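All values reported here derive from a predicted model rather than from experimental measurement. Labels below follow one simple rule: chain letters A, B, ... track the order of the sequence lines, proteins then strands, and each chain is numbered from 1.
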Amino acid sequence: MISPARRDRRRFLVLMLAPATVLLLGLTLVPFLVSLAFSFSNLSLVTPDDFAYIWFDNFDRLFRSPEFWNAMRVTVIFTIAAVAVELVLGVGIAALLHYETRAVPALRLIYLLPLAITPVAAVFTFRIMLNPSLGVLNYLVKQVGLPPQDWLGTPGMALMTLVAVDAWQWTPFILLIAAGGLAAMDDEPQEAAQMDGAGPIAIFFHHTLPMLYPYLAVAVVFRSIDAFKTFDIIFVLTGGGPGIATRTLNLLAYKQGLEFLEMGYAAAIAIVMLVATIIFSQAFLRRINMFRPKAAL
Amino acid sequence: MKQKNHFLVGDAQTSISRRKVLKSASAFAGAGLLASSASRAWAATFEEVGPQWASADIDWMSQAGKTIVLNAVQHPWTDAITPLIPHFTELTGINVDVQTQSETEYTAELPVKLGTGNPTPDVYMVWAIGQAITAGWLEPLDGFYANSQLSDASWWNDDDLFPSARSFQKWSDGIRYLMPITAESQILFINQPLLEEKGLSVPTTMDGLMDTAVALHGDDVAGIAMRAKSTGDSTWPAGGFIFSFGGAIIDLDGNVAINSPEAVAAMDAYGGLLHKAGPVGISSYQWVECLNDYMAGAVAMGCDSSNFATDIANPDKSVVAGKTVYATLPKAGDMPIKPNMWHWNAGINSSSANKDAAWLFLQWAESMPTCLLSSAAGLATPRASAWASDGFQNRFGAQAADTALSSLKAGDGDLFKATWFHPKGPQILDAFGIALNQIATGASDAKSAMDAAAAKIEADLAG
């Protein structure tokens, strides 16, 4: 027998949790289930009356498509390159800021500015700057005696440029997390190493960096998931070109869904992206656990 | 990022009726008034121009009190028509909520809206025409044309519309779904001082075009810029090359012809021009980059839409204003030139709850008096009378207008429609765009790229 007081408390809890639960279900679970259902169908907005469930045909078509595997390759390369660059720069700048004493607040503000700028606005500015004939970048390149570059015109250069723009925008995110990790870190092991005669570089790589791993693991997982589904930078700067050299999975899904209106096929791509993201993040977190230093646990 | 501009235009209602106006007298008097006052078209009051619309044997006030939503792209048509809408509201009592978006946002969002049966917008600019008609998103217009309360055929004067515009209205079933709102054709525009400096003349053959482009190409100024980005909407000028070489993308029997010898030769020429005389970074060039580079004097030639003429002639935007010579597309051997063409069209949403009001708007917007007003702002309308007007000729440039008109007449609307009106037009043009980009960047030769595009299109059409 439940007492009236406990019943009231339970009712209160249900009442308080209901809005958040409804929102969560409405904004995440329902769209996911709808996408999953679509991915097993031939839904096309051009011929909605021909709707039928075709089960795994979309996935079969997808895995047989060279376009899909190209997009997967481009997505993986972009994700690894962007996160690697951001990780190195973010940790490097965070470490330098950690030992800086006077100008830290101003520098931190400057470094964090890209995070505060609306991505599309920033990317459009980059588009103007990267314009081969009228952009400021080629103007500067010519000023130092180099030939103008086709920043977005060749497959390799276009991907590198996209990585650079992504790094400009998201390095501050890694910097923020790494700086937080450094601030919370116990300095005793480093001081002990210093007394034992270790140099600053050795201390950084053998003590500081391993103790930062738990923070960096979180940052890498967040950034990887985000980079994996990058859309705005690529859409505005290259539209997936030259050719299909920068056509990522997200761009492929956009084309299939919003240009060709093949909603079923586009949903199948989105489901594959979701599964790939879950597999990657779980595998990465398990791997990180293997070499997480005991001291940090 | 979603950015919509909403203008709820005009609230005033008026008791004006066609029956209060002497029809024939006002038609002639008004036409004279509009032609003579074209330069001050934007300042025209309803009292000045109202009789022109009111002279039609149409019950303009039959839908008074309704509000329709017009969804439009940020485009010269939208810019030209929006300031005139208060006149429409005063004439009909219908309010118009104008919602504009960038082309990218528009083409991504509108199909989803229409695909879910949304009753708004009531009127919209139609982008993927075959897709829209096949999906049933457009209300057939023939019934409205035949409705004597809502239409007046003699006042409308269908013969004044360019034949290509009339052809664009009809789908393969012979039904009119579309109202043409612009007319543009593919033309060549050349920086005349640079041409004269090199002692060159305007090229009339494809070989001559190549020689001219190479001769004009230098360190600071590229010889020619044409669209080469790997997107479907970059393919329009290349389409004109293919047609003029005697080829097709999808032929008139519906077969994939993009890798025919004629099409490959055309793309070889197109890619060769950009290779030998194009600016650095041509791979990311869409029409806007081509226009901007030309207006900045960074390229000597361009081959794109005749609508560029309005911006090129504007000294506030262009350093080559008054220094440009226009020409039709050069001939490829003995083949007749078939420059590409385009009419933007508007249509009525088949799920709209205000179809009659939407029809009145469309009819008003593309009527002779309205086209005369909008053309004075430089808009290339689908009406011959507007193109012949002083206002348009002054704003657009007489030589540009003549060239555009010649090109429009030379274009092959059926070849264009076979591809651009195809129900799977977006997929076909996407594959073509990738091939075009690969040829322009030298990543692939024309034959291999077009074979790959043909295979992809065949697979898409079969799927």
Side-chain angles (χ1 to χ4, degrees), chain A residues 42-49 57-58 61 64-67 118-121 123-124 127-128 130-135 137-138 141-142 147-155 157-158 161 232 235-247 254-263 265, chain B residues 1 3 104 107-109 111-112 114-117 128 130-132 134-137 219-222 225 228-234 279-286 289 292-293 296 298-299 423-427 429-430 433-438 440-444 449 452 456 459-460 463:
Chain A
N42 67 349
L43 176 64
S44 163
L45 291 184
V46 181
T47 51
D49 294 342
D57 284 7
N58 280 330
R61 179 182 158 200
R64 288 172 190 274
S65 158
E67 211 177 2
T118 309
V120 170
V123 178
F124 269 105
R127 184 169 156 176
I128 296 165
L130 292 164
N131 182 296
S133 50
L134 305 173
L137 250 73
N138 268 352
V141 164
K142 281 194 267 188
Q149 298 297 308
D150 189 357
W151 303 104
L152 302 167
T154 57
M157 182 72 102
T161 305
D232 41 15
F235 183 72
V236 173
L237 289 182
T238 66
I244 49 171
T246 59
R247 189 174 282 187
Y254 168 84
K255 276 211 172 284
Q256 292 295 337
L258 294 177
E259 282 188 22
F260 307 158
L261 307 179
E262 301 284 347
M263 292 300 177
Y265 192 54
Chain B
M1 189 174 62
Q3 263 188 329
T104 306
T107 53
E109 186 183 304
V112 177
L114 296 170
T116 53
Q131 199 178 59
T134 310
W137 299 336
D219 290 339
D220 297 324
V221 180
K229 197 170 180 177
S230 61
T231 54
D233 48 1
S234 292
V280 176
I282 191 67
S283 155
S284 53
Y285 271 50
Q286 241 291 356
E289 284 83 11
N292 286 344
D293 273 21
V299 298
K424 291 208 171 178
Q427 285 95 321
L429 295 176
D430 182 63
I434 292 167
L436 158 67
N437 180 267
Q438 288 173 331
T441 56
S444 179
K456 173 127 191 352
D460 283 336

For the student: nearest non-hydrogen atoms of A:A245 and A:P155, plus distance: CB-CB, 3.6 Å

Selection from A:G243, A:G241, A:G257 maximising heavy-atom pairs under 4.5 Å formed with chain B: A:G243

Option that, when pairs with chain A are counted at under 4.5 Å, heavy atom only, ranks first among B:A128, B:P423, B:A108: B:A108

Leading residue by heavy atom contact count with chain A [cutoff under 4.5 Å; candidates B:G442, B:S230, B:A449]: B:S230

Which portion of A:V123 sits near chain B, non-hydrogen atoms under 4.5 angstrom: neither

Portion of A:M263 that has a non-hydrogen atom of chain B nearer than 4.5 angstrom: side chain

Region of B:D220 that comes under 4.5 Å of a non-hydrogen atom in chain A: neither

Segment of A:N131 engaging chain B (4.5 angstrom heavy-atom cut-off): side chain

Option among B:L436, B:N437, B:L429, B:I434 that satisfies the side chain to side chain contact (heavy atoms under 4.5 Å, CB included) test with B:S234: B:L436

Structural part of A:P242 lying under 4.5 Å from a heavy atom of chain B: both

Check: A:D150 and A:M157 side chains under 4.5 Å, non-hydrogen atoms: no

Steps toward side chain to side chain contact (heavy atoms under 4.5 Å, CB included) verdict (A:F235, A:V120): CA-CA 10 Å; A:F235 183 72; A:V120 170; over 6 Å; no

Options A:P132, A:P148, A:P48, A:A158, ranked by heavy-atom pairs under 4.5 Å with chain B, top entry: A:P132

Part of B:T107 within contact of chain A (heavy atom distance under 4.5 Å): backbone

Side-chain ion pair, A:R247 and B:D430, N-O less than 4.0 Å: yes

Stepwise side chain to side chain contact (heavy atoms under 4.5 Å, CB included) check, A:V141 with A:W151: CA-CA 12 Å; A:V141 164; A:W151 303 104; 3.8 Å; yes

Carboxylate-amine/guanidinium contact A:D57 A:R61, below 4.0 Å: no

Check against side chain to side chain contact (heavy atoms under 4.5 Å, CB included), B:D293 and B:Y285: CA-CA 10 Å; B:D293 273 21; B:Y285 271 50; 2.3 Å; yes

Portion of A:Q256 that has a non-hydrogen atom of chain B nearer than 4.5 angstrom: neither

Part of B:E289 within contact of chain A (heavy atom distance under 4.5 Å): side chain

